[in-house]
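Down below is the structure, laid out as structure tokens.
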Amino acid sequence: MRLFSALRPPADVAAEIDSALGSRDRLLRWSDPAGWHITLAFYGEVDPAERGSFLDRALDGRKSVDVRLWGSGTFPGVLWLGVAGEGLADLAAAAAAGSGEERPYRPHLTLARCSRTQPPTEWTERLAGFRSRVWTADRVELMGGGSPYRTLRTWPLRRG
């Protein structure tokens with residue numbers, strides 16, 4: 001099973017996003033709001049029990065992170081909201097250790113899939129001023145499966 005670790009926005013923040021998006025055009029393949037998440041680390045095809053044992057050690061005693069979604073942008077084929085949070089990169093590094101992930105960490109929440117050659121500039125402009133409330137991410141989820149993703153295990157983060 002393809003696995004990754006992630007933080008999930010609370011329901012009221014997801015509602016803020018949904019409201020900011022409003023009516024969605026059919027030119028993009030929109031992510032299901034029930035699956036919105038901020039990936040910490042992608043593991044690929046690995047045994048959930050093995051990765052869970054690793055995360056038991058890697059996340060033990062880790063502090064919660066105050067997070068805010070802000071602004072928007074694209075990667076080739078992806079429309080996203082930006083993510084800010086002091087300590088987020090350190091949490092992601094702890095969760096990613098030993099996963100083979102070599103890319104620099106760019107926290108984001110994927111909203112939609114789009115053309116790799118024609119980014120949806122009208123959407124990045126529309127969402128450029130988006131700012132969610134700040135919330136405390138107090139647990140990490142190990143997720144897997146297809147659409148929709150399933151939470152396989154969770155780890156609490158210690159309140160700062």
Side-chain angles (χ1 to χ4, degrees), residues 1-45 48 51 55 64-93 95-96 99 101-157 159-160:
M1 179 182 306
R2 292 168 51 110
L3 301 178
F4 60 94
S5 56
L7 306 174
R8 296 249 209 175
D12 67 310
V13 172
E16 282 183 68
I17 299 166
D18 196 46
S19 177
L21 291 174
S23 130
R24 296 165 180 100
D25 61 45
R26 295 178 185 241
L27 300 174
L28 304 177
R29 292 183 319 272
W30 294 95
S31 299
D32 181 351
W36 284 340
H37 64 274
I38 301 159
T39 300
L40 293 173
F42 178 75
Y43 309 120
E45 295 282 342
R51 185 45 47 174
L55 290 171
S64 60
V65 178
D66 290 336
V67 178
R68 165 176 266 160
L69 301 172
W70 61 274
S72 63
T74 60
F75 299 134
V78 176
L79 169 66
W80 49 260
L81 289 176
V83 181
E86 189 174 327
L88 186 58
D90 290 339
L91 180 61
S99 68
E101 184 68 38
E102 304 276 330
R103 293 180 290 184
Y105 184 59
R106 298 250 341 243
H108 65 281
L109 184 143
T110 297
L111 295 172
R113 303 285 174 190
C114 56
S115 165
R116 294 181 70 80
T117 57
Q118 294 181 306
T121 54
E122 67 281 357
W123 280 100
T124 55
E125 291 169 5
R126 181 175 174 176
L127 296 168
F130 180 82
R131 303 282 183 272
S132 75
R133 73 166 178 86
V134 174
W135 84 89
T136 301
D138 60 1
R139 75 174 182 263
V140 171
E141 299 185 25
L142 180 63
M143 302 178 75
S147 184
Y149 298 118
R150 292 181 304 134
T151 297
L152 305 173
R153 277 192 64 193
T154 61
W155 287 264
L157 299 172
R159 290 285 178 160

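Reckoned from all heavy atoms, side chains included, excluding hydrogens, waters and symmetry mates.
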Legend entry - Nearest heavy-atom neighbours spanning G71 and L81: O-CD2, 3.2 Å

Inset, instruction - Test D25 against E122 for side-chain contact (heavy atoms from CB on, under 4.5 Å), laying out the working first. - result: CA-CA 11 Å; D25 61 45; E122 67 281 357; 4.2 Å; yes

Legend entry - Heavy-atom pair with the smallest gap, counting every atom of L3 and G144: CD2-CA, 4.0 Å

Legend entry - T74 vs T121, side-chain contact (heavy atoms from CB on, under 4.5 Å): CA-CA, chis, key distance, verdict: CA-CA 9 Å; T74 60; T121 54; over 6 Å; no

Legend entry - A34 backbone acceptor or donor facing R8 side chain under 3.5 Å: yes

Legend entry - Heavy atoms of other groups near Q118 CD, more than 12 under 6.0 Å: no

Legend entry - Heavy-atom side-chain proximity of I17 to L111 below 4.5 angstrom: yes

Legend entry - Separation between CH2 of W135 and OG of S64, rounded to the nearest 0.5 Å: 12.5 Å

Legend entry - Approximate separation, where rounding is to 0.5 Å, of L55 CG and E141 CD: 12.0 Å

Inset, instruction - Name the orientation class of the two ring planes belonging to F4 and Y149 (parallel below 30°, tilted from 30 to 60°, perpendicular beyond 60°). - result: perpendicular

Inset, instruction - Would you give the length of the straight line joining atom CG of D12 to atom CG of D18, rounded to the nearest 0.5 angstrom? - result: 12.5 Å

Legend entry - Heavy-atom pair of closest approach, residues V78 and C114: N-SG, 3.5 Å

Legend entry - Heavy-atom pair with the smallest gap, counting every atom of P48 and L142: O-CD2, 4.0 Å

Legend entry - Reported OG1-to-CZ distance for the pair T39 and R106, which is rounded to 0.5 angstrom: 13.5 Å

Inset, instruction - Mind listing the closest non-hydrogen atom pair of L7 and R139 along with its distance? - result: CD2-O, 3.3 Å

Legend entry - L109 side, atom CG; H37 side, atom NE2 - distance, nearest 0.5 Å: 7.5 Å

Inset, instruction - State the OG-NE2 distance between S72 and H108, to the nearest 0.5 angstrom. - result: 13.0 Å

Inset, instruction - Ignoring hydrogens and angles, state whether a donor on the side chain of E16 or S132 is under 3.5 Å from an acceptor on the partner side chain. - result: no

Inset, instruction - Please lay out, stage by stage, how R68 and V13 fare under the test side-chain contact (heavy atoms from CB on, under 4.5 Å). - result: CA-CA 9 Å; R68 165 176 266 160; V13 172; over 6 Å; no

Inset, instruction - Quickly, which of W70, W36, F75 forms a ring pair (Phe, Tyr, Trp, His ring centres under 6.0 Å) with W80? Name it, please. - result: F75

Inset, instruction - Of all the heavy-atom pairs spanning V65 and L88, show the shortest one and how long it is. - result: CG1-N, 3.9 Å

Legend entry - Evaluation steps, side-chain contact (heavy atoms from CB on, under 4.5 Å), between W123 and L27: CA-CA 11 Å; W123 280 100; L27 300 174; over 6 Å; no

Legend entry - More than 12 heavy atoms from other groups under 6.0 Å of CZ on R126: yes

